[in-house]
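Working notes for the structure below.
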Amino acid sequence: MAIRIYNTLTRQKEEFKPLREGEVRMYVCGPTVYDYPHLGHARTYIAFDVIRRYLEHRGYTVLMVMNFTDIDDKIIKRANETGEDPKELAEKFLRIFLEDMKALKVKPADVYPRVTEHMEDIINFVKKLQEKGYAYEGSDGVYFEVRKFKDYGKLSKIKLEDLVKGARVEPGEGKRNPEDFALWKKAKPGEPKWKSPWGEGRPGWHIECSTMSSKYLGESFDIHGGGNDLIFPHHENEIAQSEACFGHEWVHYWMHTGFLMLNGEKMSKSLGNFVTVRELLKRYDPEVIRLFVLQRHYRSPLDYSEEGIEHAKNNLERLYNTLENIRVAMERAEIAFRWDEPEFRAYEAIRDARRKFYEAMDDDFNTAEALKAVFEVSNAINRYLTEVEKPKESILRKAWEFFRDVGEVFGLFEDYFKEQRAGNEEELINLLVEVRAQLRKERRFDLADRIREELRKLGIQLEDTPQGTVWKRIKV
RNA sequence: GCCGGGAUAGCCUAGAGGCGAGGCGAGGGACUGCAGAUCCCUUUCACCCGGGUUCAAAUCCCGGUCCCGGCUCCA
């Protein structure tokens with residue numbers, strides 16, 4: 001079955017067909033680095049991380065590009081407030097962003113083009129627009145003449161008349177028309193600046209994405225993504241610049257993530273109602289945050305609440321328990337010389353859930369729906385384990401492999417599957433378990449419980465079952 | 001004003017014409033020296049309101065109510 005993607009451009013789900021066979025080229029708008037990333041950023045980047053992982057899982061080679069806006073009005077403003085050098089400030093928060101994303105297990109992009117590393121390319125792009133008659137130089141900068149681009153508004157469905165009427169567009173001294181936007185801003189005294197044919201200055205915000213995406217992905221590519229708030233004006237302007245310059249369709253699929261909401265309001269720096277990624281990571285495992293995000297469809301607004309995160313934590317705990325149950329059961333599993341009803345039932349449940357998982361992900365990356373399938377396997381395998389004395393190795397393996405695939409796509413259970421059990425740690429634990437078993441036989445429960453308590457503090461949980469005592473690692 | 005998204009059991013979320021949606025929480029039971037994990041049962045025939053179409057509507061249509069977002073820097 002084919003993957004279907006909701007395209008903001010057409011406002012409907014479309015079958016995904018990459019421009020080049022087997023390859024997906026995608027660009028996701030990165031942050032302006034002037035502050036700590038908050039959960040809203042995390043939401044968007046985790047969403048695109050899972051989209052990227054899924055495409056890779058389905059066999060595509062994905063070329064992923066994410067930009068850094070490392071020079072911009074906001075950065076200059078913040079630097080002036082704190083007395084820092086704008087370059088150093090940007091550098092600092094760029095590093096912090098990368099660290100936070102790594103902590104959240106977001107796979108790094110293949111290229112992270114920075115504006116300050118691409119001045120020449122940007123200037124050339126503006127020149128081309130000027131040559132083609134879409135751009136003009138004003139007293140304070142170079143502007144894109146919006147009314148010359150006939151398709152303006154096709155992404156956001158905004159009509160030019162309404163835009164002008166809305167009067168929210170700023171007239172600006174150097175502009176011919178209020179709706180025009182800056183491609184190049186001439187530097188005011190004391191501002192960071194680069195040389196250009198129009199004097200010293202810096203690029204406008206939108207031109208960088210047009211320039212850098214086409215540099216790495218070509219004059220047309222598959223997916224361009226970002227937060228919902230970028231549809232207008234940022235992405236609308238990118239389309240205008242790029243299609244004016246190249247003379248043909250630029251991006252095939254536009255994808256946008258819903259906002260992260262806090263008490264009914266969009267979480268944002270300007271509103272000041274944000275929770276930073278670092279803050280959250282101090283209290284929760286990164287996978288809890290990922291699961292929290294994945295429990296909601298990527299296009300829907302996601303409400304942040306402490307309870308919501310706790311829900312995610314409980315859910316993740318359940319999945320880890322299931323993994324541990326399987327692992328422990330593996331030790332007493334046997335080769336199947338025959339199947340009985342429990343085997344047939346477990347097998348069918350896993351088979352059906354796997355199909356559901358892929359169907360849900362194919363349908364515009366419906367992670368919330370896909371998660372249902374994950375819980376179905378969890379339930380089926382736990383039930384199987386209570387039904388049989390000697391579990392069949394093949395059944396456990398089926399479940400195990402399903403979880404491994406889910407983990408690969410969702411960025412969960414990562415450590416679990418790659419974990420090398422260190423040295424003779426296991427033997428030591430087994431020894432303690434044996435000693436405790438003897439103590440229990442002698443009904444010396446105080447000592448037995450002490451061993452259990454102390455191991456628990458070390459992240460090892462002992463569980464007494466009818467088949468004897470097993471030990472599990474506790475993750476969250 | 002112009003675009004857009006919503007309202008689903010105690011809670012969080014899927015679904016989008018017809019076979020009891022998933023999880024969490026709560027209560028009960030099984031297993032247990034206790035704990036933990038797991039399983040079973042209950043909460044569970046839920047879809048904002050009012051009309052309409054249909055053999056059949058959470059789902060489609062019309063009309064309301066309420067909530068939220070974008071149109072200005074934003075992921």
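We name chains A, B, ... by the order of the sequence lines, and we start the count at 1 in each one. What's counted below: heavy atoms across the whole structure, side chains too, no hydrogens, waters or symmetry copies.
- Ring planes of A/Phe149 and A/Phe144: perpendicular class, angle over 60° (limits at 30 and 60°).
- Closest-nucleotide positions on RNA chain B for A/Thr32 and A/Glu376 were compared, and the one nearer the 5' end corresponds to A/Glu376.
- Counting any heavy atom pair closer than 4.0 Å across all strands shown, A/Asn382 reaches sugar-phosphate atoms only and no base atom.
- Across all strands shown, A/Gly40 has heavy atoms under 4.0 Å from base atoms, whether or not it also approaches the sugar-phosphate.
- Contact annotation: A/Arg452 side-chain N/O to B/G36 OP1/OP2 distance is not under 4.0 Å.
- Side-chain proximity of A/Pro233 to B/G22, B/C31, B/C73: nearest is B/C73.
- Between A/Tyr416 and A/Tyr320 the shortest side-chain heavy-atom distance falls below 4.5 Å.
- Nucleic acid contact for A/Phe48: none, since no nucleic acid atom lies under 4.0 Å from a heavy atom of the residue.
- Taking a centre distance below 5.5 Å and an interplanar angle below 30 degrees as the stacking criterion, A/Phe445 stacks against the six-membered base ring of B/G33.
- Here A/Arg436 lies in heavy-atom contact (under 4.0 Å) with a base.
- Note: CG (A/Asp363) to P (B/G15) measures 7 Å, nearest angstrom.
- A/Ile231 comes within 4.0 angstrom of nothing in the nucleic acid, heavy atoms only.
- Taking CD1 of A/Ile223 as the reference point, atom CZ of A/Arg25 lies at 11.0 Å (rounded to 0.5 Å).
- Annotation: side-chain contact (heavy atoms from CB on, under 4.5 Å) contacts of A/Pro342 (sequence neighbours excluded): A/Asp340, A/Tyr384, A/Glu387, A/Val388.
- Ring-plane geometry between A/His235 and A/Trp254 is classed as tilted, the angle between the planes lying from 30 to 60 degrees on a 0 to 90 degree scale.
- Here A/Thr322 lies out of heavy-atom contact (under 4.0 Å) with every strand.
- Among the protein residues, A/Gly30 comes within range of the sugar-phosphate backbone only, with heavy atoms under 4.0 Å from sugar or phosphate atoms but none that close to a base.
- Dashed line: the shortest gap from a side-chain N or O of A/His41 to OP1 or OP2 of B/A75 is under 4.0 Å.
- For B/G5, its base never sits under 3.5 Å from the side chain of A/Arg299 at any donor and acceptor pair.
- Residue A/Asn314 has a polar side-chain atom (N or O) positioned under 4.0 Å from OP1 or OP2 of B/G25.
- Across all strands, A/Leu385 comes closer than 4.0 Å to no nucleic acid atom at all (heavy-atom distances).
- Checked against B/A75, B/C24, B/G33, the side chain of A/Tyr45 finds its nearest nucleotide in B/A75.
- Between B/G20 and B/A30, the two P atoms lie 30 Å apart (nearest whole Å).
- Distances shorter than 4.0 Å separate some side-chain N or O of A/Asn379 from OP1 or OP2 on B/C39.
- B/A57 sits 15 Å from B/G50 when the C1' atoms are compared, rounded to a whole Å.
- Of all nucleotides listed (B/C39, B/A37, B/G15), B/G15 comes nearest to the side chain of A/Asn366.
- The side chain of A/Met267 sits closest to B/A75 out of B/A75, B/C31, B/G15.
- Between A/Phe221 and A/Tyr27, the ring-plane angle classifies as tilted under the 30° and 60° cut-offs.
- Going from the C1' atom of B/U38 to that of B/A75 covers 41 Å, rounded to whole Å.
- Residue-level contact check: A/His256 touches neither bases nor backbone, having no heavy atom under 4.0 Å from any strand.
- When heavy atoms are screened at a 4.0 angstrom cut-off, A/Asp449 is found touching base atoms of the nucleic acid.
- Pair assignment for B/A37: none, as no Watson-Crick or G-U wobble contacts are both less than 3.5 Å.
- Distance noted for atom C1' between B/U54 and B/G29: 45 Å (whole Å).
- Residue-level contact check: A/Arg456 touches neither bases nor backbone, having no heavy atom under 4.0 Å from any strand.
- At the heavy-atom level, A/Phe259 lies under 4.0 Å from base atoms of the strands shown.
- Residue A/Glu310 is the one, among A/Gly227 and A/Glu310, whose nearest nucleotide of RNA chain B lies closer to the 5' end (criterion: closest heavy atom).
- Within the 4.0 angstrom heavy-atom criterion, only backbone atoms of the sugar-phosphate kind lie near A/Gln295; the bases stay farther away.
- Pair assignment for B/G20: none, as no Watson-Crick or G-U wobble contacts are both less than 3.5 Å.
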